[in-house]
K.L.:
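First, the structure itself, so that you have it in front of you.
No experiment lies behind these values; they were computed from the predicted model shown. All ligand and atom numbering here is 1-based and tracks the order in the structure.
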Amino acid sequence: MSYETFFKELNRKLARVVPGIEMAAVAETAWEIMGLKQERNAVILGHNYMEPALFHSIPDFQGDSLDLCRKAATTDKDIIVFCGVRFMAETAKILNPEKTVLLPVEEAGCSLAAGITAEDVRRLKTRFPGVPVVTYVNTYADVKAESDICCTSGNAAAVVESLGTETVIFLPDEFLARNVARETGRHIVFPTHDLRLKDTSLDIQMIGWNARCEVHEQFTVQDVETIREQHPDTYILAHPECSPEVVAVSDFSGSTNAMIKAVEAVDAPNYLLLTECAMGDNIAAAHPEKEMLRLCSVRCPHMNLITLKDTRDALRHGRYVIDVPEPIRSLAFEAVNRMLAIG
Ligand code: SF4
């Protein structure tokens, strides 16, 4: 493909979401990345929360963390550049120990992943011996290594039910845990909140933790009511990291990929996504016929660190290399692989 064709195609995709004055610079950087990608035999994975200029220009694969985990598991390239946050790049490394995995910005973290440590999980396992541990993929490798199985927001309920046990430990997102408990009809307790847990006669079916996503925890029932007053008939979609109260007053709840599919399938005058704002832009760019409303006062400070320029520099300089030492990697691999077998 020539640069002119690439520019035209990019301009067509991004016309609604990138100011015209920025297009030439965006296209030039993206074009350079495409060349470097080929030269270095690299694959680029782009999470749904990446800014539109990046999301619609350079990734070989786009999607949510489950999707990208699967893609990471099948690539034959030498280098994986993960346009997402650190726990995602770690998961790619866990699945591909022989490949070089690059994260374009070293500090791209996550409030959820930072909300629990491997030592916390070990303490829980001592306190509730024999109870299987389900860990959301939004965790670091050492936490995954202490777990029996991982899950994503797309398959969390299926993973919990697949275990066939009366009780599960579900970590670390408080709201996802509450939403999954509701979906699977389980009573949930939080050792961090609930002092009555000393009483072993309590009927405990799910044991949660108190970490939260700093983006999704901020959406409120009032936000939903205000949108419904101002824009009646808006189809509102909430990520399951939002509180159960917000999920209950929304029209749909699901992973980022499920949200995209729901917007594509449902005919409505407007749509509002209660998740990272960039995803609304990305859907608007892909579906110009859909009217996306945005609540962009809350942004993910980690996902927003990753830009086209950082990605170019990652490929130019081979940085920042993500490493997961053994035996943490192979233990974490078991937990991730069990999840991938479920789907
Ligand atoms: S959106 Fe939330 S869960 Fe995702 S990376 Fe940002 S802080 Fe973490």
K.L.:
Quick one: which residue pairs count as a ring pair (Phe, Tyr, Trp, His ring centres under 6.0 Å) with a foot in residues 37-69, not counting sequence neighbours?
P.N.:
H47-Y49
K.L.:
Quick check on contacts: which atoms of ligand 1 are under 4.0 angstrom from a heavy atom of E241?
P.N.:
3 (S)
K.L.:
Taking atom types as modelled, is there a side-chain donor on S255 or H239 under 3.5 Å from an acceptor on the other?
P.N.:
no
K.L.:
What residue pairs, at least two apart or across chains, pass side-chain hydrogen bond (donor to acceptor under 3.5 Å, both in side chains) with a residue in residues 20-37?
P.N.:
E32-R316, K37-D60
K.L.:
Would you give me the side-chain donor-acceptor pairs under 3.5 Å for residues 95-102, sequence neighbours excluded?
P.N.:
| from | atom 1 | to | atom 2 | distance (Å) |
| --- | --- | --- | --- | --- |
| N96 | ND2 | A72 | O | 2.4 |
| N96 | ND2 | A92 | O | 3.0 |
| K99 | NZ | K77 | O | 3.0 |

K.L.:
Number of protein N/O/S atoms less than 2.8 Å from atom 6 (Fe) of ligand 1?
P.N.:
1
K.L.:
How about CD on E326, more than 12 heavy atoms from neighbouring residues, nucleotides or ligands closer than 6.0 Å, or not?
P.N.:
yes
K.L.:
What atoms of ligand 1 come within less than 4.0 Å of a heavy atom belonging to N138?
P.N.:
3 (S)
K.L.:
Of the non-hydrogen atoms in V143 and A118, which two are nearest, and what is the gap between them?
P.N.:
CG2-N, 3.6 Å
K.L.:
Side chains of N257 and N48 only: does a donor on one sit below 3.5 Å from an acceptor on the other?
P.N.:
yes
